[in-house]
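Below you'll find the structure, written out as structure tokens, and then a few comments.
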Amino acid sequence: MQLVTLFLFLSWSASAQNPDFEAWKINREKELLAEDGWLNLAGLFWITETNSFLNRQGKDSLILSNQASNQTIGTFQLVNDSIWFFFNPKVIKRNKIQRPGFQLQFPEKAYGSGAVYYDRWKWTVINRGGEYAMRLRDLKHPALSKFQPLLYFDYDSGFAVEAFFIPKFNETINIPNVLGQVIEWKVMGLLRFEIEGKSHELTALDDAGKLFVIFSDLTNESETYPTGRYLYVDYPDQGGITRVDFNFSYNPPCAFTAFATCPIPPKVNRLEIDIQAGEKYPDNH
């Protein structure tokens with residue numbers, strides 16, 4: 001009994017010493033379950049000038065087709081570098097839609113500003129490698145109610161290390177994604193650090209004004225997601241010092257849906273060590 005009490009106390013103590021980590025785990029699950037999370041994705045359809053008719057198929061699915069049907073909800077139109085969605089006038093009348101019959105879906109003024117809602121669905125338009133796709137969400141997706149808590153390694157301060165940042169200027173790197181597309185990404189610099197006395201280096205990319213790292217390590221496939229994980233890192237101080245905390249490593253969206261376009265870790269970001277920190281392989285997803 002005393003041993004059990006001691007174990008529970010030590011477990012509680014370890015968590016209490018890392019409130020940021022505990023808060024991050026809570027927010028991580030909230031993000032996945034949110035309206036713009038990854039669990040409700042129901043399709044990824046590539047838009048072309050001909051493949052542009054959004055049709056309802058049965059009660060529970062939508063498809064993109066090269067021809068209209070008696071269940072056409074609307075059409076996409078490519079105008080220069082913009083994508084517009086036009087509702088079928090019959091759908092507007094039948095559903096008493098009280099909004100404009102057309103909407104600019106790409107480019108967005110802000111994330112999610114180009115979203116269109118209809119019945120139980122929501123969709124946005126994304127650009128990947130110069131190609132446009134409709135990202136469809138089912139706001140009543142069964143995965144939302146079946147969601148199981150994520151698995152994590154216990155917080156380990158040995159994987160929260162000081163790093164020296166070496167900035168890079170006018171440099172890019174080609175990053176492939178799971179669809180085979182290659183995306184040119186801006187390189188911000190190199191992160192150099194030590195773990196257990198051995199030196200390592202990671203290439204940091206630019207993502208929405210943050211340092212973004214796409215990396216793989218020796219735990220992939222056995223304990224963590226097969227292709228690797230992602231990690232955000234704070235910008236360095238004036239002396240070029242920052243902190244790389246692998247405890248905040250997380251799975252790519254492809255761990256939860258087949259309709260994501262996840263970038264794959266470049267070879268330069270392959271760590272030949274076990275990073276037993278952060279999010280584990282999501283067994284239940």
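All values derive from a computational prediction rather than experimental measurement.
Few gaps surround CD on E35; more than 12 heavy atoms of other groups in view lie less than 6.0 Å from it. More than 12 heavy atoms of other residues, nucleotides or ligands sit less than 6.0 Å from atom CG of D36. Around the CG atom of N66, the shell of radius 6.0 Å holds more than 12 heavy atoms that belong to other residues, nucleotides or ligands.
To the nearest 0.5 Å, atom CZ of residue F169 and atom NZ of residue K186 are 9.5 Å apart. Rounded to the nearest 0.5 Å, atoms OG (S69) and CG (N88) are 9.0 Å apart. The CG atom of N177 lies 4.5 Å from the CG atom of L179; values are rounded to the nearest 0.5 Å. In this structure, the separation between CG on L39 and CD on E31 is 11.5 Å, given to the nearest 0.5 Å. Within the model, atoms OG1 of T203 and CD1 of I173 stand 5.5 Å from one another, a figure rounded to the nearest 0.5 Å. Summarising the geometry, atom CG belonging to L136 is positioned 4.0 Å from atom CE belonging to M134; distances are rounded to the nearest 0.5 Å.
Side-chain contact of W123 with Q105: a donor-acceptor pair under 3.5 Å is present, judged by distance alone. Under 3.5 Å, the side chains of Y232 and D245 contain no donor-acceptor pair of N or O atoms. N251 and E279 are linked by a side-chain donor-acceptor pair at a separation below 3.5 angstrom, with hydrogens and angles left out of the test. Between the side chains of Y152 and N247, no donor N or O sits under 3.5 Å from an acceptor N or O. Between the side chains of Q276 and E223, at least one donor N or O lies within less than 3.5 Å of an accepting N or O.
A donor-acceptor contact shorter than 3.5 Å is absent between the side chain of T72 and the backbone of A68. Checked by atom type and distance alone, the side chain of D156 pairs as donor or acceptor with a backbone atom of G158 at under 3.5 Å.
At a threshold of 4.5 Å between non-hydrogen side-chain atoms, the residues F147 and L33 count as touching. Contact annotation: the side chain of I126 approaches that of L44 to within less than 4.5 Å [non-hydrogen atoms, C-beta and beyond]. In this structure, N127 and F106 have side chains that are in contact, with non-hydrogen atoms separated by less than 4.5 Å. For the pair S82 and L104, the minimum side-chain heavy-atom distance is below 4.5 Å. Taking 4.5 Å as the limit, some side-chain heavy atom of E29 sits within range of a side-chain heavy atom of L150. Residues L62 and I73 form a side-chain contact, since some pair of their non-hydrogen atoms from C-beta on lies under 4.5 Å apart. No side-chain heavy atom of I26 sits under 4.5 Å from any side-chain heavy atom of E22.
Cluster membership for L78 and L54, using ILVMFWY side-chain heavy atoms within less than 4.5 angstrom, is shared. Residues I63 and V125 do not share a hydrophobic cluster, defined by chaining ILVMFWY side chains whose heavy atoms lie under 4.5 Å apart. Taken together through direct or relayed side-chain contacts under 4.5 Å among Ile, Leu, Val, Met, Phe, Trp and Tyr, L202 and V187 form part of one hydrophobic cluster. One hydrophobic cluster, built from ILVMFWY side chains closer than 4.5 Å, cannot hold both W84 and F53; they sit in different ones. V233 and I241 are assigned to two separate hydrophobic clusters, defined by single-linkage of ILVMFWY side chains at heavy-atom distances under 4.5 Å.
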Quick one: side chains of residues 188-196, donor-acceptor pairs under 3.5 Å with protein atoms, not counting sequence neighbours, listed by atom name and distance.
| residue | atom | partner | partner atom | Å |
| --- | --- | --- | --- | --- |
| R192 | NE | E201 | OE1 | 2.5 |
| R192 | NH2 | E201 | OE1 | 3.1 |

Identify all side-chain donor-acceptor contacts of residues 210-220 below 3.5 Å with residues at least two apart in sequence or on another chain.
| residue | atom | partner | partner atom | Å |
| --- | --- | --- | --- | --- |
| D217 | OD1 | T219 | OG1 | 3.4 |
| D217 | OD1 | R229 | NH2 | 3.3 |
| D217 | OD2 | T219 | N | 2.8 |
| D217 | OD2 | T219 | OG1 | 2.6 |
| D217 | OD2 | I275 | N | 3.0 |
| T219 | OG1 | T224 | OG1 | 2.8 |
| N220 | OD1 | D217 | N | 3.0 |
| N220 | ND2 | T224 | OG1 | 2.8 |
| N220 | ND2 | Y225 | O | 3.3 |

Show every donor-acceptor pair shorter than 3.5 Å between a side-chain atom in residues 253-261 and any protein atom, with sequence neighbours excluded, or say none if there are none.
| residue | atom | partner | partner atom | Å |
| --- | --- | --- | --- | --- |
| T257 | OG1 | F259 | N | 3.0 |
| T261 | OG1 | R128 | NE | 2.8 |

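Screening H141, R137, K122 for a side-chain hydrogen bond (donor to acceptor under 3.5 Å, both in side chains) involving N40 leaves a single residue, R137.
Pairing each heavy atom of E272 with each of R270, the nearest pair is OE2-CG, 3.2 Å. The shortest heavy-atom contact between S52 and L64 is C-CD1, 4.1 Å. Closest of all the heavy-atom pairs between P252 and T227 is CG-OG1, 4.4 Å. Heavy-atom minimum distance, P263 versus Y230: O-OH, 2.8 Å. Minimum heavy-atom separation, Q103 to S113: NE2-O, 3.6 Å. The nearest pair of heavy atoms linking D81 to P107 is O-CD, 4.1 Å.
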Under the side chain to side chain contact (heavy atoms under 4.5 Å, CB included) criterion, do F246 and L271 qualify, and how do the steps go?
CA-CA 12 Å; F246 287 101; L271 297 174; 4.0 Å; yes

Start with the C-alpha distance between H200 and I273, add both sets of side-chain angles, then the distance that settles side chain to side chain contact (heavy atoms under 4.5 Å, CB included), and finish with yes or no.
CA-CA 10 Å; H200 302 279; I273 53 174; 3.6 Å; yes

I would like to know whether F248 and F21 meet side chain to side chain contact (heavy atoms under 4.5 Å, CB included); could you show each step before the answer?
CA-CA 7 Å; F248 293 88; F21 180 59; 4.2 Å; yes

CA sep, side-chain torsions, deciding dist, call: T75, F102, side chain to side chain contact (heavy atoms under 4.5 Å, CB included)
CA-CA 9 Å; T75 59; F102 59 90; over 6 Å; no

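Classified by interplanar angle (parallel below 30°, tilted 30° to 60°, perpendicular above 60°), the ring pair Y118/F87 is tilted.
Between D234 and R243 there is no salt bridge, since no side-chain N of the basic residue sits under 4.0 Å from a carboxylate O of the acidic one.
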